[in-house]
Amino acid sequence: CTLLLNSDGEYLFGQFNILHPELQMRILMQGITFYVDPTGKKKEKYAIHFPAASAVEDIMSQMAPPEPGEDMEQGILPDIKPLVTSLARIGVEYDINRRHQTFDSTWSSINIDDSTHCLSYTFIIPVEQMLSEKKLSNTWKLGLYSEGGRPTNGGSRMNGREQGPGIGGPGMRDPGIGGPRIGSKRNENTNPKVDLRKMMMNDIEVWVPFSFDSICLLNE
């Protein structure tokens, strides 16, 4: 996985790229939410909720990936492109300072690259209100959260939890996943068995610290 962040001082641009096939399936089935906390803590005032497969289950009944079962355990994964296309049409939900706001499709996207097979979640979020926070920190935090269990109706919240496991959380540290952690490289000499059923059931929660000043391009 790679996480790319940039800003022009007015908006924060983010892209989360996933190459690991089973992790791609896991995120598409359960949805994912991105949080930005300008106070440097782990609060949920600013969020972007991407939908889960259940949001298009009527349309995707013949194409959507199956429930975790024997086929998945044997490493047989369906073509995810139709699912990606359908989810991309839905768009996302924004919560800005705990108020729901709707933006057009140019503010977010879900894509699968035909040549690299890389799944990408891209978003833009305004930062005007964030910069006016009373306890603005030099180090911000971006959170990624995807709820485990059966497929949900969209991106999930962190249930109001102030503190989480941080980087290497319950869904990212299990060696059975077989994918790299954020910021690490996969060992190409190993191919650990993936327990997709377990991956589907575990929550994924990761908080990444970053400096807003270091990603801002106002002076360029």
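All values below come from the heavy atoms of this structure, side chains included, with hydrogens, waters and symmetry mates left out. What you see is a predicted model; the values in this text were computed from it and never measured.
Atom CG of residue L5 and atom CZ of residue F212 lie 11.0 Å apart, to the nearest 0.5 angstrom. With values rounded to the nearest 0.5 angstrom, Q15 atom CD is found 9.5 Å from F123 atom CZ. Atom-to-atom distance recorded for L12:CG and F210:CZ is 5.0 Å, nearest 0.5 angstrom. Summarising the geometry, atom CG belonging to D113 is positioned 9.5 Å from atom CG belonging to N17; distances are rounded to the nearest 0.5 Å. Taken from CZ in F16 to OH in Y121, the straight-line distance is 9.0 Å, to the nearest 0.5 Å. Note that CD1 of I48 and CD of E93 are 12.0 Å apart. Values are rounded to the nearest 0.5 Å.
Using a 4.5 Å heavy-atom threshold, the side chains of I110 and L119 count as touching. Residues V56 and L83 form a side-chain contact, since some pair of their non-hydrogen atoms from C-beta on lies under 4.5 Å apart. In this structure, V36 and V127 have side chains that are not in contact, with every pair of non-hydrogen atoms separated by 4.5 Å or more. Between N202 and R26 there is no side-chain heavy-atom pair separated by less than 4.5 Å. Considering only heavy atoms from C-beta on, T39 stays 4.5 Å or farther from K45 through its side chain. Inter-residue side-chain proximity for E133 and W140 is flagged as unmet; no heavy-atom pair is nearer than 4.5 Å.
Counting only distance, with no hydrogens or angles, the side chain of E44 and the backbone of Y35 share no donor-acceptor pair below 3.5 Å. Between the side chain of D8 and the main chain of Y11, a donor-acceptor pair closer than 3.5 Å is present. A donor-acceptor pair is defined here as one N or O able to donate and one able to accept, closer than 3.5 Å; such a pair exists between the side chain of Q24 and the backbone of H117. A donor-acceptor distance shorter than 3.5 angstrom exists from the side chain of D37 to the backbone of K42, with no hydrogens or angles considered. Judged by distance alone, with hydrogens and angles left aside, the side-chain atoms of S146 form a donor-acceptor pair with the main-chain N or O of G31 at under 3.5 Å. When atom types are taken as modelled, the side chain of S132 and the backbone of Q129 share a donor-acceptor pair closer than 3.5 angstrom.
Separation of the F50 and F34 ring centroids falls under the 6.0 Å cut-off.
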* Asked: Under the side chain to side chain contact (heavy atoms under 4.5 Å, CB included) criterion, do I125 and I96 qualify, and how do the steps go?
  -> CA-CA 9 Å; I125 183 170; I96 307 297; 4.0 Å; yes
* May I have the step-by-step check of side chain to side chain contact (heavy atoms under 4.5 Å, CB included) for I204 and L144, ending in yes or no? => CA-CA 7 Å; I204 294 176; L144 298 82; 5.7 Å; no
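Residues H49 and D95 share a closest heavy-atom pair of NE2-OD2, 2.9 Å. The two residues Q30 and G148 come nearest to each other via the heavy atoms NE2-C, 3.7 Å. Taking all atoms of both residues into account, the shortest heavy-atom contact from P51 to G91 is CD-O, 3.3 Å. Nearest heavy-atom pair, M200 versus M25, reported as atom, atom and distance to 0.1 Å: CE-CG, 3.7 Å. W207 and P209 get closest at one heavy-atom pair: O-CD, 3.8 Å.
Checking S120 against N111 by side-chain atom types alone, no donor-acceptor pair falls below 3.5 Å.
Cluster membership check: I27 does not share its hydrophobic cluster with L4, using side-chain heavy-atom separations under 4.5 Å among Ile, Leu, Val, Met, Phe, Trp and Tyr.
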